[in-house]
Number of protein chains: 2
Amino acid sequence: MPKETFFNLQADKRNLIISVAIYEFSKADYNTASINQICKKACIAKGSFYQYFADKLDLYVYVMTSAIEEKIKFFSSTITEFHNLTLLEQFRFLFKKGIEFAKKHPKYAALGEQFSKESDETAKSAVIKEGNKQSETLFMQMIHNAKAKGEIDNKVDTLALTLLLQSLNSAIYKYMQDKFESISYEHNEKDINAFVDSLLYIVFNGIKIKTD
Amino acid sequence: MPKETFFNLQADKRNLIISVAIYEFSKADYNTASINQICKKACIAKGSFYQYFADKLDLYVYVMTSAIEEKIKFFSSTITEFHNLTLLEQFRFLFKKGIEFAKKHPKYAALGEQFSKESDETAKSAVIKEGNKQSETLFMQMIHNAKAKGEIDNKVDTLALTLLLQSLNSAIYKYMQDKFESISYEHNEKDINAFVDSLLYIVFNGIKIKTD
DNA sequence: TGACAAGGTGACCAGGCGGTCATATAATAT
DNA sequence: ATATTATATGACCGCCTGGTCACCTTGTCA
């Protein structure tokens, strides 16, 4: 956690530091990201930085957990209608919400993507200890409920489906990044939605020729 | 490409350097991996290293492309029987071959996994330029053939399925890593095969309740 | 006005990095 | 025995890193 001094800062300055840090940590992994660069871009002295944060890890954990909290907040705000939906609708809803989040908060999304690649174990576990793993249990619970309701094939392995869905998340993100490189957002919205529906079609119907 | 001096080296020394480099580059990303450490562990002087390789990138590209070549060699040796198989059997074959490869050459597999996370664009594109993208086109061709043969549902989007299958690859790798952390290989072989089959069951049959 | 606290600063530290180079050694050819 | 070539070496370079600290500025009370 940042020191008290940091929270006593003017909001403008505080926000600048955080947004610079988000940029730095989404651009490069933990070891490569540089405190010196963050200080320079945020126009603060090195010494000031260490009056706000205990060390590099302190800032990293703070920024990452903020992004996670933001995402949870974003999702939970519209999840009330959730139990009325079928599983297909729930999945589509989640994926589309995910895309929406990435479009609304591209910096947080990039941060999350960078975190999922992070190979520094110290940095990784420091963030995870701070409270995570929600998405896995969320998927599992959804699947469990749908099975109980007789909505999906009992032969489907819950864990396998969970990992599959998590994989799809990053596949969608990669697809988005490719599409969004230099073209306008609006223009690609249809493409991405179609891509999500294609993935969901496979997951629900399988790829085998149907007999009916 | 390494300099001539490197290839004039005794095989033992050459292999030691390479295996140390493989270890270093599979443990950490391109920027974090250290030439100094490689020299120390391979018992060669810094100056010697730069008589073998032009720079860090030279070694990186050499090691990565070696791993890719090794994997291609491993696959192509047993792929003759391929056209007799159904698509399901082909996919199962590929995934199981992948697992086999990771078990036989865990260091190459770890290297590949690290590469897929690499965020240094210079390092990444230097390797890709050296010849890659085979797996994507392989999957696409397989799907295309299967569609022509009427083996899979035409409503399935080829690109979506390709990205899905690539995602599954890394999902399987993660599952393996979890399982293999401290227990014997043999003991988990059944688990992993079952996991692969669970994934393939979903991909082929979908998760929806069947009417037949 | 003076005292005390809180915040801001950048030179400085030790250590690591990728990369160089003059020099030393070994092996070969004349 | 000498000259020539190929290889081995580690001190050294400039640069960057995360982190420290003595000093300076600012603001708030008395």
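A, B, ... follow the sequence lines: proteins, then strands. Residue 1 opens every chain. All values below come from the heavy atoms of this structure, side chains included, with hydrogens, waters and symmetry mates left out.
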**Item:** Qualifying residues under salt bridge (charged side-chain N to carboxylate O under 4.0 Å, His left out), relative to A:D55, sequence neighbours excluded
**Value:** none
**Complete:** Here the distance between atom C1' of D:dT26 and atom CD of A:Q51, to the nearest Å, is 13 Å
**Request:** Give one of base, sugar-phosphate or nothing for B:F6, where a contact means two heavy atoms less than 4.0 Å apart.
**Result:** nothing
**Fill in**
From CZ of A:F49 across to C1' of D:dT17 the rounded distance in Å is 13 Å
**Item:** chain B contact limits on DNA chain C, taken 5' to 3' with a cut-off of 4.0 angstrom to heavy atoms
**Value:** C:dC17 to C:dC21
Between the protein and nucleotides 12-14 of chain D, which nitrogen or oxygen pairs are less than 3.5 angstrom apart?
none

**Asked** Starting at the 5' end of DNA chain D and moving along, which residue's nearest nucleotide shows up first, B:A45 or A:G47?
**Response** B:A45
**Fill in**
B:K97 meets the salt bridge (charged side-chain N to carboxylate O under 4.0 Å, His left out) criterion, sequence neighbours left out, with B:E100
**Item:** With sequence neighbours excluded, residues passing side chain to side chain donor-acceptor pair (under 3.5 Å) with B:T158
**Value:** B:K147
**Prompt:** For B:Y23, what residues pass the side-chain contact (heavy atoms from CB on, under 4.5 Å) criterion, not counting sequence neighbours?
**Reply:** B:K27, B:K41
**Message:** So, using side chain to side chain donor-acceptor pair (under 3.5 Å) as the criterion, who are the partners of B:D157 when residues are at least two apart?
**Reply:** none
**Prompt:** Which part of the nucleic acid, if any, lies within contact of B:F53, taking any heavy atom under 4.0 Å across all strands shown: a base, the sugar-phosphate backbone alone, or nothing?
**Reply:** nothing
**Message:** Counting only heavy atoms from other residues, nucleotides and ligands, does the tally under 6.0 Å from NZ of A:K117 exceed 12?
**Reply:** yes
**Residues forming a side-chain contact (heavy atoms from CB on, under 4.5 Å) with A:A28, sequence neighbours excluded** = A:T32
**Asked** Quick one: B:Y52 OH to D:dA6 P, roughly how many Å, whole number?
**Response** 15 Å
**Asked** Who are the side chain to side chain donor-acceptor pair (under 3.5 Å) partners of A:K46, not counting sequence neighbours?
**Response** A:N36
**Asked** Excluding sequence neighbours, so at least two apart, what forms side chain to side chain donor-acceptor pair (under 3.5 Å) with A:N15?
**Response** none
**Message:** What is the distance, to the nearest angstrom, from the CG atom on B:L9 to the P atom on D:dA6?
**Reply:** 15 Å
**Complete:** B:K13 atom NZ is separated from D:dA6 atom C1', nearest whole Å, by 13 Å
**Request:** Name every residue in residues 22-41 of chain A that has at least one heavy atom under 4.0 Å from any atom of DNA chain D, in order of residue number, or write none if there are no such residues.
**Result:** A:A33, A:S34, A:I35, A:N36
**Listed partners of A:E89 passing salt bridge (charged side-chain N to carboxylate O under 4.0 Å, His left out), at least two apart** = none
**Prompt:** Is the Lys NZ or Arg CZ of B:K56 less than 6.0 Å from the centre of B:Y30's six-membered ring, within 45° of the axis?
**Reply:** yes
**Prompt:** So what does B:K3 hit on the nucleic acid, given a heavy-atom distance under 4.0 Å: a base, only sugar-phosphate, or nothing?
**Reply:** nothing
**Message:** How many whole angstroms separate atom CG of A:D55 from atom P of D:dG19?
**Reply:** 5 Å
